[in-house]
**Student:** 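Okay, here's the structure, questions in a sec.
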Amino acid sequence: MAHMHITSWAVAIILLIVVAAMYGQGKMKPGKIVHMILRLFYLFILGSGIGLFMEYANYSTNLFIKVILGLWAIVSMEMIAVGGSKRKSVGIWWAQFILAAGIAIYLGFGVLPMGILP
Ligand code: HEM
């Protein structure tokens with residue numbers, strides 16, 4: 001489940017950069033297609049995140065913060081993509097995304113107990 005989670009958000013980050021670049025260059029149609037694939041990966045992140053959550057024995061405050069930040073990161077990604085499709089400036093959402101994803105990754109790898117080993 002952890003591998004699925006890590007793979008999902010890693011691919012999603014790459015797709016987000018591709019979507020932002022395509023919309024930025026005015027390639028709206030291919031951008032839209034990659035955007036739809038990105039949305040599919042939100043579901044993979046959510047599904048694997050919920051799966052990890054259900055494997056827990058002891059819930060901690062850090063875990064709840066991690067889940068909120070994970071959700072916040074996904075919201076930011078969608079706002080970046082939608083903003084890009086309307087050719088709006090989305091710097092504020094990039095900042096929130098980097099903050100939320102950065103702390104989520106720190107908590108996930110550095111603080112929370114579940115590792116990537118089975
Ligand atoms: C872009 C968004 C996200 C990023 C970058 C992210 C990142 C991470 C990372 C780095 C880990 C540690 C993996 C491991 O060591 O096993 C992790 C674990 C986890 N994530 Fe996420 N995550 C995101 C979204 C979510 C969401 C939306 C949820 C909940 C629905 C969620 C729930 C969890 C849970 C429960 C764990 C297990 C924590 C642990 O290591 O003990 N994540 N995540």
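Note that these values count all heavy atoms, side chains included, but never hydrogens, waters or copies made by symmetry. First listed ligand is number 1; within each ligand, the first listed atom is number 1. Since the model is a prediction, treat every value here as computed from it, not as a measurement.
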**Student:** Taking only distance into account, with no hydrogens and no angle test, what donor-acceptor pairs under 3.5 Å do side-chain atoms of residues 51-67 form with protein atoms, sequence neighbours excluded?
**Tutor:**
residue : atom : partner : partner atom : Å
Tyr59   : OH   : Phe53   : O            : 3.4
Ser60   : OG   : Leu63   : N            : 3.2

**Student:** Supply the atom-to-atom distance Ile74 CD1 to Tyr42 OH, rounded to the nearest 0.5 angstrom.
**Tutor:** 8.0 Å

**Student:** Any side-chain heavy atom of Gln96 within less than 4.5 Å of one from Met77?
**Tutor:** no

**Student:** Would you say Ile17 and Ile13 make side-chain contact, with heavy atoms under 4.5 Å?
**Tutor:** yes

**Student:** Kindly give the heavy-atom pair with the smallest separation between Met28 and Gly84, and that separation in Å.
**Tutor:** CE-O, 4.1 Å

**Student:** For ligand 1, which of its N or O atoms have a protein N or O partner closer than 3.5 Å, and how long is each gap?
**Tutor:**
residue  : atom   : partner : partner atom : Å
ligand 1 : 15 (O) : Met114  : O            : 3.0
ligand 1 : 16 (O) : Met114  : O            : 3.4
ligand 1 : 16 (O) : Gly115  : O            : 3.3
ligand 1 : 20 (N) : His5    : NE2          : 2.9
ligand 1 : 20 (N) : Lys66   : NZ           : 2.8
ligand 1 : 22 (N) : His5    : NE2          : 2.9
ligand 1 : 22 (N) : Lys66   : NZ           : 2.8
ligand 1 : 40 (O) : Gly108  : O            : 3.4
ligand 1 : 40 (O) : Met114  : O            : 3.0
ligand 1 : 41 (O) : Tyr56   : OH           : 2.3
ligand 1 : 41 (O) : Met114  : N            : 2.8
ligand 1 : 42 (N) : His5    : NE2          : 2.9
ligand 1 : 42 (N) : Lys66   : NZ           : 2.7
ligand 1 : 43 (N) : His5    : NE2          : 2.9
ligand 1 : 43 (N) : Lys66   : NZ           : 3.0

**Student:** Would you call Ile6 and Phe109 a side-chain contact if the rule is heavy atoms closer than 4.5 Å?
**Tutor:** yes

